[in-house]
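First the structure, in the form of structure tokens, and then the observations on it.
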Amino acid sequence: MCTMGSLRHFLLFTAAVIAVSSAVTAAHNITAILEGHPEYSQFNDYLSRTKLADEINTRTTVTVLVLTNGAFSSVTSKHPLSVIKNVLELHVLLDYWDGDKLHDISKGTTLSTTLYQTTGNAPGNLGFVNITDQKGGKVGFGSALPGSPLASQYTKSVKQIPFNISVIEINTPIVVPAVLNAPAPAASDYNLTGALEKAGCKTFASLLISSGVIKTFEKAADKGLTIFAPNDEAFKADSLPDLSKLSNADTVALLEYHAVAEYTPFGTLKTSKDPISTLAANGAGKFDFSTETSGDSVTLHTGVDSSRVASTVIDSTPLCIFTVDKVLLPAELFGNAPSPAPGPAPEISPAPAPESDAPSPSAEASAPSPLLSPPAPPTSSPGGAPADSPTADSENTTASKNSGAVNAPALLLLALLALSVYLS
Ligand SMILES: *[C@@H]1O[C@H](CO)[C@@H](O)[C@H](O)[C@H]1NC(C)=O
Ligand SMILES: *[C@@H]1O[C@H](CO)[C@@H](O)[C@H](O)[C@H]1NC(C)=O
Ligand SMILES: *[C@@H]1O[C@H](CO)[C@@H](O)[C@H](O)[C@H]1NC(C)=O
Ligand SMILES: *[C@@H]1O[C@H](CO)[C@@H](O)[C@H](O)[C@H]1NC(C)=O
Ligand SMILES: *[C@@H]1O[C@H](CO)[C@@H](O)[C@H](O)[C@H]1NC(C)=O
């Protein structure tokens with residue numbers, strides 16, 4: 001009896017550990033890779049400042065074209081952060097390219113998709129890079145826009161983790177006038193309520209206006225703001241408490257709970273491990289939520305309910321707007337709600353588990369489903385438009401291998417949970 005109980009606890013604990021460790025799939029850390037190379041410190045610094053490092057770390061097949069501080073300064077000295085970010089996105093290829101592969105391009109020339117293509121801001125071929133094996137063993141890179149020069153040359157390999165990440169150096173930035181000269185919109189240029197209404201969040205937008213919270217958002221926007229806007233369906237959910245009963249102050253807190261005073265793009269959400277503090281946080285409570293990543297999907301856990309990040313409305317440094325499919329209910333206001341979400345189960349939280357904030361599979365029945373559901377197809381990714389649209393050349397390579405990969409930790413997790421249910 002007792003032995004059975006502790007065995008069951010052990011199995012649940014093991015399952016929890018697997019659940020937590022398989023939630024974050026990043027197998028590489030671009031910041032750490034470049035840290036050992038002071039000659040790329042500017043490039044590395046800007047990958048962190050633009051949060052592109054997080055995006056790169058969530059990609060399983062990626063090539064980073066790095067530039068030395070000297071080569072990169074021509075970009076950083078003349079342009080605002082939003083433009084530097086777009087240029088950097090052109091230097092992140094969504095395929096694996098190492099020295100061997102560069103010298104073995106069929107027909108000697110190909111186009112590779114870049115991270116810039118996934119932003120949805122890239123018309124035509126703007127989001128692609130032309131890689132051409134040139135005479136004399138040189139490999140040239142340039143924009144895929146017709147007529148662009150192949151002005152950047154491959155100089156050397158920096159780091160390879162086959163077929164996850166390759167870091168190679170090129171001698172000069174891939175510059176595209178259309179990217180460099182694109183107007184850099186300030187956050188204040190956006191009509192927040194207009195964007196929310198267009199994205200199907202009319203109820204949320206009208207609450208922001210009637211409560212005056214829109215002014216708080218507008219003020220915060222230029223310094224960094226991420227809004228999680230519940231769609232109109234979310235406000236019609238049967239499970240939603242009667243929000244009209246809230247006091248004015250509580251309504252303000254509820255709305256402010258849907259925003260974070262920091263630019264937090266999707267890649268950053270996917271990799272964040274600590275609870276995220278919202279605009280509602282003040283002396284009166286924590287007003288934070290935690291995130292859970294499964295494949296390409298991110299779920300926010302408030303402690304009362306859970307909500308999926310459904311789409312990206314705006315991702316433009318320093319402003320991000322996502323839609324979510326449920327109203328986020330902070331524990332500070334709705335802690336006594338009828339069906340609180342399971343918190344970390346005390347029985348299986350042992351010693352110093354650093355990830356103990358992560359949702360634990362304390363409810364055997366509900367835990368496996370999010371982990372076992374296969375990663376959403378790239379097209380539905382809130383991270384951006386045509387996520388991993390492969391080029392002709394990458395179709396048969398590693399890029400497509402990821403999607404079909406069997407989730408071994410998830411299968412093991414299922415087996416452990418089944419066993420523990422059987423034993424109980
Ligand atoms: C490549 O990434 C996959 C998935 O993230 C990981 O399982 C694998 O261990 C990585 N390969 C190497 C060599 O690190
Ligand atoms: C990546 O490496 C940097 C520098 O070593 C470190 O500060 C950061 O926490 C790491 N990121 C992750 C997600 O482990
Ligand atoms: C890449 O650019 C070169 C030079 O402009 C061009 O000849 C070649 O066709 C381009 N490659 C592709 C795949 O478009
Ligand atoms: C913002 O958009 C809304 C809805 O489209 C519109 O009613 C409002 O006038 C716009 N505000 C500004 C300042 O343009
Ligand atoms: C991909 O592989 C299939 C079968 O192996 C082959 O018929 C097809 O031509 C390949 N496509 C490319 C783009 O290499």
Side-chain angles (χ1 to χ4, degrees), residues 20-21 23-38 40-41 43-45 47-49 51-59 64 93 95 97 102 105-114 124-135 138-154 159 161 164-165 167 174 176 185-206 208-210 214-215 217-218 221 229 264 267-274 291 293 313-314 321 354-355 358 390-395:
V20 165
S21 55
V24 176
T25 51
H28 48 254
N29 180 342
I30 184 68
T31 313
I33 291 173
L34 293 180
E35 230 166 33
H37 300 269
Y40 309 126
S41 61
F43 196 91
N44 201 12
D45 182 41
L47 285 182
S48 294
R49 286 169 63 180
K51 311 261 181 177
L52 287 173
D54 295 323
E55 182 67 43
I56 291 167
N57 293 344
T58 63
R59 300 264 165 186
V64 183
L93 311 181
D95 199 355
W97 291 99
L102 284 176
I105 300 170
S106 67
K107 300 198 187 92
T109 183
T110 188
L111 301 184
S112 190
T113 316
T114 71
N125 273 354
L126 200 53
F128 294 84
V129 159
N130 176 326
I131 310 175
T132 299
D133 200 352
Q134 296 167 321
K135 291 191 186 74
K138 289 185 176 163
V139 180
F141 291 79
S143 166
L145 282 185
S148 302
L150 297 170
S152 310
Q153 235 123 43
Y154 164 70
K159 171 86 180 176
I161 303 176
N164 291 4
I165 185 167
V167 180
I174 299 170
V176 191
S188 50
D189 293 343
Y190 288 102
N191 178 344
L192 293 185
T193 50
L196 288 169
E197 286 171 10
K198 241 172 89 184
C201 306
K202 287 203 173 83
T203 310
F204 185 64
S206 68
L208 290 178
I209 294 168
S210 62
I214 188 69
K215 297 217 171 63
F217 282 12
E218 283 167 352
T264 316
T268 303
L269 274 187
K270 276 173 97 175
T271 50
S272 66
K273 292 190 188 108
D274 296 327
T291 59
T293 303
V313 181
I314 292 175
I321 302 182
E355 296 100 334
T391 62
D393 189 73
S394 71
E395 244 157 31

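Counting convention: from 1, in listed order, for ligands and their atoms alike. Residues: numbered from 1 along the sequence shown.
- E55 has a carboxylate O that lies under 4.0 Å from a charged side-chain N of R59, or vice versa, which qualifies the two as a salt bridge.
- Protein heavy atom at the shortest distance from atom 2 (O) of ligand 2 is N29 ND2, 2.3 Å.
- For atom 12 (C) of ligand 4, the nearest non-hydrogen atom of the protein is N191 ND2, 3.4 Å.
- Of all non-hydrogen atoms in G142 and I174, the two that sit nearest each other are C-CG2, 4.0 Å.
- Between T31 and ligand 2, no pair of N/O atoms sits closer than 3.5 Å.
- Closest protein heavy atom to atom 5 (O) of ligand 3: S148 O, 4.4 Å.
- At least one side-chain heavy atom of T109 sits less than 4.5 Å from a side-chain heavy atom of N130.
- Of all the listed residues (L150, N125, T109, L145), T109 holds the heavy atom that lies closest to atom 9 (O) of ligand 3.
- Side-chain polar atoms of T193 and N191 form a donor-acceptor pair below 3.5 angstrom.
- Taking every heavy atom of T132 and a limit of under 4.0 angstrom, the matching atoms of ligand 3 come to 1 (C).
- Closest to atom 3 (C) of ligand 3 among all protein heavy atoms lies N130 ND2, 3.5 Å.
- Residues L192 and E218 approach most closely at CD1-CG, 4.0 Å, considering heavy atoms.
- Counting only heavy atoms, the protein never gets under 4.0 Å from atom 7 (O) of ligand 2.
- Contacts with ligand 4 closer than 4.0 Å are made by side-chain heavy atoms of E197 only, the backbone lying farther away.
- Checked against a 3.5 angstrom limit, the closest N/O atoms of K273 and ligand 2 fall outside it.
- Set against the non-hydrogen atoms of A32, the atoms of ligand 2 under 4.0 Å away are 2 (O), 5 (O).
- At the shortest separation from atom 14 (O) of ligand 3 among protein heavy atoms lies L111 CD2, 3.7 Å.
- Contact between I214 and I209 at its shortest, heavy atoms only, is CG2-CA, 4.1 Å.
- For ligand 2 and E35, the ligand atoms under 4.0 Å from any heavy atom of the residue are 4 (C), 5 (O).
- Residue I321 comes nearest to L196 through the heavy atom pair CG2-CD2, 3.8 Å, listed as atom of the first residue, atom of the second, then distance.
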